[in-house]
K.L.:
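Before I ask anything, here is the structure I am working with.
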Amino acid sequence: MIKKVHELFNEKREEELLTSIEEAVKRIPNSTTLRVLLGILDSYSQLARGELILDPENSLKSKFYYDKVGQVAFLRWRIFRGDYPQFTLNDPNLAGQLIVDPLFMLLSDNMQLFHRQIEEVHKLKGDSTPSASRKVALAFQAFVKGEKMKAKELLNDAHKKADRWARGYDYAVAGLIYEDEALINEALGHAKKLYVKGGYDKWTFAGYDEQSTAIAKLASLYGYEVDVSDPIINKAMLKTEVVPYEPITDIYQALGIEPIKF
């Protein structure tokens, strides 16, 4: 069996992704399930990572695309939640993204979007028994709002539902809530294991791991000094910059709805 070899991200792939986004936006009016939005989000995510493969110091352009990822993710969340009853978005995995999306928003340096997503986490209709991943998201929300006791209670409940954390993010949130720097460093170690296990160290974006970088940035945001010596953590992304954001106006126009204001 011949193993498929993935090329490193290159300028040709960059052009292909930008074209695919334009074509996907044109398909939105004829999309009944809006799964096309997931494709757009994935394309922007590849561009955000890819810019750092083309130039590890090109953090501004990467953050520009991470902001696009965040905007699309936030819009999908609002549709999934039922804010736009004229649309249907049935994605069983979306609720599990509640802890992941804000960290990608953090990579964009768009703190308004980061905090807006955190605020929106609890507003989900018909959610009487939150999953473990959603409880981690709710715990993170409580932590960001300064409600430390509530955060610990929610995190403890989440741990009862899942006897081990599935993602490095979960370890990082636990470390912040328990004020345990060792646990945050463990989060980085866990993220690295997933990075290698998934073969990403030999894949299109070899040399950069967004989960590890997001965890390191989150730790720094709350005053923790964690080990960022691993080269898969992009150091340029850890600094805070003024990014020339661009709203996803084309997507809102294709949907025929007013843009969400931040």
Side-chain angles (χ1 to χ4, degrees), residues 17-50 62-127 130-138 140-141 144 166-167 169-170 173 210-211 214 218 243 245-262:
L17 286 168
L18 289 170
T19 300
S20 74
I21 291 170
E22 291 179 3
E23 293 174 347
V25 171
K26 292 175 183 176
R27 294 198 304 272
I28 288 176
N30 299 317
S31 175
T32 56
T33 63
L34 291 186
R35 285 195 63 81
V36 64
L37 291 179
L38 180 59
I40 293 172
L41 186 151
D42 180 66
S43 293
Y44 276 131
S45 175
Q46 289 189 56
L47 285 165
R49 288 173 284 167
S62 177
K63 290 175 182 180
F64 172 84
Y65 285 126
Y66 270 121
D67 180 64
K68 294 277 193 177
V69 174
Q71 289 187 65
V72 176
F74 187 74
L75 173 60
R76 291 183 74 240
W77 166 243
R78 294 288 294 270
I79 294 172
F80 175 78
R81 197 178 68 183
D83 289 15
Y84 304 98
Q86 69 269 42
F87 301 121
T88 300
L89 199 161
N90 184 19
D91 185 347
N93 298 317
L94 195 143
Q97 288 292 112
L98 289 172
I99 188 62
V100 179
D101 289 338
L103 296 185
F104 290 159
M105 295 168 187
L106 184 66
L107 284 175
S108 76
D109 279 343
N110 190 338
M111 296 308 294
Q112 280 187 307
L113 186 56
F114 172 78
H115 285 288
R116 182 74 178 273
Q117 175 74 353
I118 295 296
E119 282 296 319
E120 296 283 336
V121 164
H122 68 289
K123 300 175 182 176
L124 182 61
K125 297 175 182 177
D127 188 15
S131 64
S133 62
R134 197 162 125 66
K135 278 189 175 288
V136 173
L138 290 167
F140 186 41
Q141 178 199 52
V144 172
R167 302 164 298 195
Y169 295 119
D170 302 331
V173 170
E210 63 188 0
Q211 181 173 182
L218 180 67
V243 183
Y245 303 121
E246 179 182 88
I248 51 171
T249 307
D250 54 343
I251 295 177
Y252 286 109
Q253 288 177 343
L255 289 168
I257 60 177
E258 289 293 317
I260 299 171
K261 295 180 179 179
F262 299 102

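What you see is a predicted model, and the numbers here were worked out from it, not measured in a lab.
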K.L.:
Tell me, do L138 and Q141 make a side-chain contact under 4.5 Å, heavy atoms counted?
P.N.:
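Yes, their side chains come closer than 4.5 Å.
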K.L.:
Can you tell me how far the CG atom of L38 sits from the OG atom of S43, to the nearest 0.5 Å?
P.N.:
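Nearest 0.5 Å value for the CG-OG distance: 9.5 Å.
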K.L.:
Counting N and O atoms only, with roles assigned by atom type, does the side chain of R49 sit under 3.5 Å from a partner on the main chain of S45, one being a donor and the other an acceptor?
P.N.:
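Between the backbone of S45 and the side chain of R49 there is a qualifying donor-acceptor contact (under 3.5 Å).
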K.L.:
Test L113 against Q117 for side-chain contact (heavy atoms from CB on, under 4.5 Å), laying out the working first.
P.N.:
CA-CA 6 Å; L113 186 56; Q117 175 74 353; 5.7 Å; no
K.L.:
How long is the straight-line distance from CG of L47 back to OG of S20, given to the nearest 0.5 Å?
P.N.:
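So the OG of S20 and the CG of L47 are separated by 7.5 Å.
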K.L.:
So, for V25 and A254, which heavy atoms are closest and what is the spacing to 0.1 Å?
P.N.:
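Smallest interatomic distance, heavy atoms only, reads O-CB, 3.7 Å.
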K.L.:
Which atom pairs, one a donor and one an acceptor, fall under 3.5 Å between side chains of residues 63-71 and the rest of the protein, sequence neighbours left out?
P.N.:
| unit_1 | atom_1 | unit_2 | atom_2 | d |
| --- | --- | --- | --- | --- |
| K63 | NZ | D109 | OD2 | 2.6 |
| K63 | NZ | K239 | O | 2.6 |
| K63 | NZ | E241 | OE1 | 2.8 |
| Y66 | OH | Y208 | OH | 2.8 |
| Y66 | OH | E210 | OE1 | 2.6 |
| D67 | OD1 | N110 | ND2 | 2.7 |
| D67 | OD2 | Q71 | NE2 | 2.8 |
| K68 | NZ | E246 | OE1 | 2.7 |
| Q71 | OE1 | I248 | N | 3.2 |
| Q71 | NE2 | E246 | O | 3.0 |

K.L.:
Would you sort out whether L255 and I251 count as a side-chain contact (heavy atoms from CB on, under 4.5 Å), showing the intermediate values?
P.N.:
CA-CA 6 Å; L255 289 168; I251 295 177; 4.1 Å; yes
K.L.:
Measuring from R116:CZ to E119:CD, what's the distance to the nearest 0.5 Å?
P.N.:
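So the CZ of R116 and the CD of E119 are separated by 9.5 Å.
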K.L.:
Would you say the side chain of I257 lies within less than 4.5 Å of the side chain of L75, judging by non-hydrogen atoms?
P.N.:
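Yes; the side chains approach each other to less than 4.5 Å.
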K.L.:
If I compare all heavy atoms of S108 with all of Y245, which pair ends up nearest, and what's the gap?
P.N.:
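Minimum heavy-atom contact is O-OH, 2.8 Å.
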K.L.:
Taking atom CG of L106 and atom NE2 of H115, what is their separation to the nearest 0.5 Å?
P.N.:
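NE2 of H115 is found 9.0 Å from CG of L106.
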K.L.:
Around atom CD of E258, are there more than 12 heavy atoms from other residues, nucleotides or ligands closer than 6.0 Å?
P.N.:
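Not more than 12 within 6.0 Å, no.
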K.L.:
Is there a side-chain contact between F104 and L41 (heavy atoms, below 4.5 Å)?
P.N.:
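F104 does not reach L41 side chain to side chain.
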K.L.:
Run the side-chain contact (heavy atoms from CB on, under 4.5 Å) test on F87 and L37 for me, step by step, so that the C-alpha distance in whole Å, both residues' side-chain angles and the decisive distance to 0.1 Å come before the verdict.
P.N.:
CA-CA 12 Å; F87 301 121; L37 291 179; over 6 Å; no
